[in-house]
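Proteins get letters first, then strands, A, B, ... in listed order; numbering begins at 1 in each.
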Amino acid sequence: MPIRLHDSLTRELRELTPAHPDGIFRFYNCGPTVYAPAHIGNFRTFVVNDVLRRLLELEFGADKVKHVRNLTDVDDKTIRRAREEGRPLGDVTRQWTEKFHADCAALNCLPPHAEPRATDPQFLKEQVNMIEVLMERGNAYRAPDGSVYFKVSSFDNYGRLSRVKERELQPGSALKAAAADADEKEDGSDFALWKAWKSDDGSNKWTGPRGAAPGRPGWHIECSAMSKAILGETIDLHTGGVDLLFPHHENEIAQSECCNGVQFSRHWYHSEHLLVDGKKMSKSLGNLYTLDDLKAKGFSAMAVRYALLMGHPRKQLNFTLDSLHAAESAIGKLKALADKLILAAQKTEADFYDSTTILRRNPDPISDFSPLGLDALKDDLNFPAALGALFTDRKALDLGGKSVLAKAEFHSLAKTVFVLGLDLHRTIATNAPPAITALAEKRWAAKLAKDYAGADASRKELTAAGWAMLDGKDGYKLEPLKK
RNA sequence: GGCGCGGUAGCCAAGUGGUAAGGCCGAGGUCUGCAAAACCUCUAUGCGUCGGUUCGAUUCCGACCCGCGCCUCCA
């Protein structure tokens, strides 16, 4: 079964295939702006893309997928943050890049094969080159202040992706948008390719395209330039959150196709927004969560990943603390299933997560056993259906001592779990404070001494402090109390 | 106003022209110093409302109601 994915341009499911003769599937995923910690809405998109990338590797081979995700390290927000903190721009973006990488690792997202930065001299040059070509071709013009704008009217296909021509701009927003640089632009819908230096930009300025003032690249051009530099003029897939559909991706198409004269991306995919408590996350509503916020509430990063997989990626997903509890419990059950299969198949935990075996190309009748849930993933990334298949299988599972069946089931689960990127054995964060740990030790000692009254007293204290102590055979586990 | 998505059990959420996956929660049970965990069993005559098409609709069509998102900062 081929991988089929919704295409935002044609609005239908289309098979994903590599176009290049080398068989390498090239895909570009718009990355974060590094000026603050990413929130879980951002991570929904990155997790969706991570599953997609894993699925592609399973389908085409680990060495046949090239996944690029950029880092926007210069824009109004990064510059403002640096100015407010009185630090060099590079320091600020480096700090938040590191944080982003740490969060991605915690969420078990594979690093992309390339992660270009907008201010990297190599790519800055690429951006300037593209702008110069666009100016030469009459698709861009220099504004009075030395900025360069893309002339939207010069590209007939403008608006095909977002159907912007069918939209009627709300008077209010159109006016607001036009206000900022109305004097510079020839037309309200034109967008900046190069922004001339202003005093607010401080020391952050670079040599611009010929004829333009020193300044910095506009936001949209970085993706066009870096995609071209790393993946080539035509790529197989370009992805991002729905909010990037317009204007960002529309503008990328315009720039790239006017500059290169060929199709920019063969396929477009957009994942929907994550809602929190039924609303889009925003600082003003106070419903914006970062990974650290949720960790502080005692949830594991893996539960967050699972919760992000609970809805279809092209539908808005309502995220709540309750759904995190549900995720944490569900992971526990899958872990128990994995442990059971590891035992039955006489394998180890390391075998279960061995991606080399999972992605091995040579056919193997056992490990090629059709993994449950995989078809659902290949059918437009239907996460809930895939998870459902896993649990349905879990119920039907009757190993009955048959090791062949156990091995097939083991490989099946390992494959699907790999694609979903769930590290089942990395769950509850037991970062209990020292006082809690000491109390738990005290109770454990009392229990071993059969001082049950003392043990119960300590349990009461732990409960009061919000911690559950789960006794095992040879030790205990501390978990934050559920609700 | 324009464009788009959605309304399925207490919550989250798949899905199909032929009579509703799965997870959480809850209830009961097995087990167990206690408490959990784990495991087993149960939980929508119903899929926003009203019409239409059909032998049959939650699934197709129409109208309406409600929610959410986007409309040039935004994953």
Please determine whether a side-chain nitrogen of the Lys or Arg among A:R305 and A:D50 lies less than 4.0 Å from a carboxylate oxygen of the Asp or Glu. yes
Round to the nearest Å and state the distance from A:D243 atom CG to B:rG69 atom C1'. 10 Å
Is it the case that the base of B:rA35 and the side chain of A:R459 share a donor-acceptor contact (distance under 3.5 Å, atom types as modelled)? yes
Is it the case that B:rG33 (base atoms only) and A:D456 (side chain only) share a donor and an acceptor within less than 3.5 Å, ignoring hydrogens and angles? yes
Between B:rA75 atom C1' and A:W268 atom CH2, what is the distance in whole Å? 15 Å
Can you tell me how far C1' in B:rG28 sits from the matching atom in B:rC61, rounded to whole Å? 46 Å
Is the positively charged end of A:R69 above the ring of A:F46, judged by distance under 6.0 angstrom from the centroid and angle within 45° of the axis? yes
Of the listed nucleotides (B:rU72, B:rC39, B:rA75), which one gets closest to any side-chain atom of A:S189? B:rU72
Under a 3.5 Å cutoff, is there a donor and acceptor pairing between the side chains of A:T72 and A:D75? no
Carboxylate-amine/guanidinium proximity below 4.0 Å for A:D76 and A:R216: yes
Give a yes or no on whether a donor-acceptor pair under 3.5 Å exists between the nucleobase atoms of B:rA14, that is its base, and the side chain of A:H312. no
Taking all heavy atoms of A:C258 and all of A:F150, pick out the closest pair and write down the distance. SG-CZ, 3.8 Å
Tell me the interatomic distance from A:L372, atom CG, to B:rA21, atom C1', rounded to whole angstroms. 13 Å
Quick check on B:rG15: is either OP1 or OP2 less than 4.0 Å from any side-chain nitrogen or oxygen of A:N382? yes
On RNA chain B, compare the nucleotides closest to A:L337 and A:K315; which residue's is nearer the 5' end? A:K315
Which part of the nucleic acid does A:K77 contact within heavy-atom distance under 4.0 Å: base, sugar-phosphate only, or nothing? sugar-phosphate
Does A:R54 make a cation-pi contact with A:F418 (under 6.0 Å, within 45 degrees of the axis)? yes
Stem ranges for RNA chain B, with three or more consecutive Watson-Crick or G-U pairs under 3.5 Å? B:1-7 with B:65-71, B:10-12 with B:22-24, B:26-30 with B:38-42, B:48-52 with B:60-64
Among B:rU72, B:rA38, B:rC12, the nucleotide that comes nearest once only the side chain of A:P247 is considered: B:rU72
Give the rounded distance in Å between these two atoms: CD of A:E252 and C1' of B:rA75. 13 Å
Strictly under 3.5 Å: I want the nitrogen or oxygen pairs between protein and nucleotides 22-24 of chain B, one per line.
{"unit_1": "B:rC24", "atom_1": "OP1", "unit_2": "A:K333", "atom_2": "NZ", "d": "2.9"}
{"unit_1": "B:rC24", "atom_1": "OP2", "unit_2": "A:K333", "atom_2": "NZ", "d": "3.4"}

Considering only the C1' atoms, how many Å lie between B:rU19 and B:rU54, rounded to the nearest integer? 15 Å
Could you tell me the separation between the OH atom of A:Y35 and the CD1 atom of A:I79, rounded to the nearest 0.5 Å? 13.5 Å
Find the distance A:Y476:OH to B:rC34:P and express it as a whole number of Å. 20 Å
For the side chain of A:R80 and the base of B:rC73, is some donor closer than 3.5 Å to an acceptor across the two? no
Determine whether a donor-acceptor pair (one donor, one acceptor, N or O, separation below 3.5 Å) exists between the side chain of A:D471 and the base of B:rC34. yes
How is A:L317 classified with respect to the nucleic acid when contacts are heavy atoms under 4.0 Å: base, sugar-phosphate, or nothing? sugar-phosphate
Counting side-chain heavy atoms from CB outward, which of B:rG4, B:rG33, B:rA75 is closest to A:Q316? B:rG4
Decide, yes or no, whether a salt bridge links A:D339 with A:K335 under the criterion of side-chain N to carboxylate O below 4.0 Å. yes
Rounded to whole angstrom, note down the P distance from B:rG4 over to B:rU8. 23 Å
Lys/Arg N to Asp/Glu carboxylate O, A:D201 vs A:K205, below 4.0 Å: no
Interatomic distance at P, B:rG15 relative to B:rA37, whole Å: 31 Å
Checking only heavy atoms, does the side chain of A:R314 share a donor-acceptor pair with the base of B:rG69 at less than 3.5 Å? no
Whole Å only: how far is the CG atom of A:D380 from the P atom of B:rA14? 12 Å
With a 4.0 Å cutoff (strictly under), does any side-chain N or O of A:R11 reach OP1 or OP2 of B:rG4? yes
Salt bridge check: are A:D103 and A:K99 linked by an N-O gap of less than 4.0 Å? yes
Drop me the distance from A:K315's NZ to A:S271's OG, to the nearest 0.5 angstrom. 15.0 Å
What contact category does A:G41 fall into here, base, sugar-phosphate, or nothing, at under 4.0 angstrom with non-hydrogen atoms? base
